[in-house]
Amino acid sequence: MKRSLRFWTRYTWESLEVVLGAMAILAVLSLLGADREQTADFAAQLPYLLCASAIFGMMMLNTGSQTLYVPLLLSMGETRWNVLLGFHYYRVLVIAVTMGLCALIWVLFPGELSGLGLRSFPTILCVLVAVSSLGSILGTLFVRWRWLGTVIIVLLCGGAGGLIGITSAASLNGGFSAAAVVKLAGYLVKTPWWLVLIALGTLAADVLFQWVLLRRREVKL
């Protein structure tokens with residue numbers, strides 16, 4: 001079990017490097033064309049870019065983990081139960097670090113937007129849990145039905161390209177206004193009940209589906 005935890009801990013930090021790199025790219029694109037007022041409030045907007053990067057990062061990395069690292073650990077002699085626990089430990093760690101960094105930034109740069117962000121924590125948590133679970137489910141589906149791989153890649157690439165396109169278009173038009181960001185953040189303060197149900201449902205389906213496939217999965221060297 002210790003070996004599995006060490007592996008997933010190292011994989012978590014490597015995954016976070018990808019997430020932070022994507023956030024840096026979005027940050028540079030967002031700053032292009034921004035005026036002085038938008039630049040002054042930009043620090044409080046960084047957590048939203050971090051969450052957006054984490055969303056696409058978890059979708060891609062969770063899918064890849066199921067198709068590559070899970071069979072690798074099984075071939076190295078890890079028990080299926082340890083693999084299941086280690087993978088979900090990695091997911092919890094990614095979400096915890098992401099939200100911890102968001103909280104740290106908002107605390108260091110207080111203001112209206114930061115206050116809204118801190119009050120939006122339940123909503124952000126539900127979104128991250130649902131996305132992480134969905135990425136894992138897509139990975140297990142890909143293991144079971146290979147033809148889904150093409151669909152998954154198209155959706156992930158399309159979503160990432162759309163986010164970069166929106167950010168680039170906004171930067172060319174003067175960047176995201178502070179008022180628009182505050183208005184958007186205001187929608188996240190109240191967590192809708194259906195989002196909580198989606199987060200819990202996708203998490204339960206992910207754990208159950210992954211365990212069923214792990215029990216039937218053959219190790220191929």
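All of these numbers come straight from a predicted model, not from anything done at the bench.
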Problem set entry | With sequence neighbours excluded, residues passing side chain to side chain donor-acceptor pair (under 3.5 Å) with S132 |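 Scan of S132 (side chain to side chain donor-acceptor pair (under 3.5 Å), adjacent residues dropped) gives N62, R91.
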
Is [X] linked to [Y] within one hydrophobic cluster, defined over Ile, Leu, Val, Met, Phe, Trp and Tyr using a side-chain heavy-atom separation of less than 4.5 Å?
X	Y	answer
I198	L128	yes
V18	W8	no
V92	L208	no

To the nearest 0.5 Å, what is the distance between [atom1] on [X] and [atom2] on [Y]?
X	Y	atom1	atom2	value
F7	T9	CZ	OG1	10.5 Å
F87	N82	CZ	CG	15.0 Å
I95	T12	CD1	OG1	11.0 Å
L101	L16	CG	CG	7.5 Å
L20	T98	CG	OG1	8.0 Å
L203	H88	CG	NE2	7.5 Å

Exercise. Under the 4.5 Å side-chain heavy-atom rule for ILVMFWY, direct or indirect, which residues accompany L200?
Worked result: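 Other cluster members: V196.
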
Quick check: closest heavy atoms across [X] and [Y], and the distance to 0.1 Å?
X	Y	value
A130	T202	CA-OG1, 3.5 Å
C126	L195	CB-CG, 3.7 Å
I124	G117	CD1-O, 4.3 Å

Going by the salt bridge (charged side-chain N to carboxylate O under 4.0 Å, His left out) test, which pairs reach into [range], not counting sequence neighbours?
range	value
residues 125-136	none
residues 62-75	none
residues 50-73	none

For this session: Specify whether Y11 and Y90 have parallel, tilted or perpendicular ring planes, treating 30° as the upper limit for parallel and 60° as the lower limit for perpendicular.
Result: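 Ring orientation, 0 to 90° scale: tilted.
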
For this session: With side-chain contact (heavy atoms from CB on, under 4.5 Å) as the test, would you mind laying out the steps for L116 and W106 before giving the verdict?
Result: CA-CA 9 Å; L116 290 173; W106 280 325; over 6 Å; no

Exercise. Does the side-chain contact (heavy atoms from CB on, under 4.5 Å) test come out yes or no for L125 and F121, once each step is laid out?
Worked result: CA-CA 6 Å; L125 176 61; F121 254 45; over 6 Å; no

Problem set entry | Q45/L49 under side-chain contact (heavy atoms from CB on, under 4.5 Å): CA gap, chis, key distance, verdict | CA-CA 7 Å; Q45 300 178 25; L49 298 180; 5.7 Å; no

For this session: Write out all pairs satisfying side chain to side chain donor-acceptor pair (under 3.5 Å) with one or both partners inside residues 14-28, taking only residues at least two apart or from two chains.
Result: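 Residue pairs with at least one partner in residues 14-28: R10-E14.
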
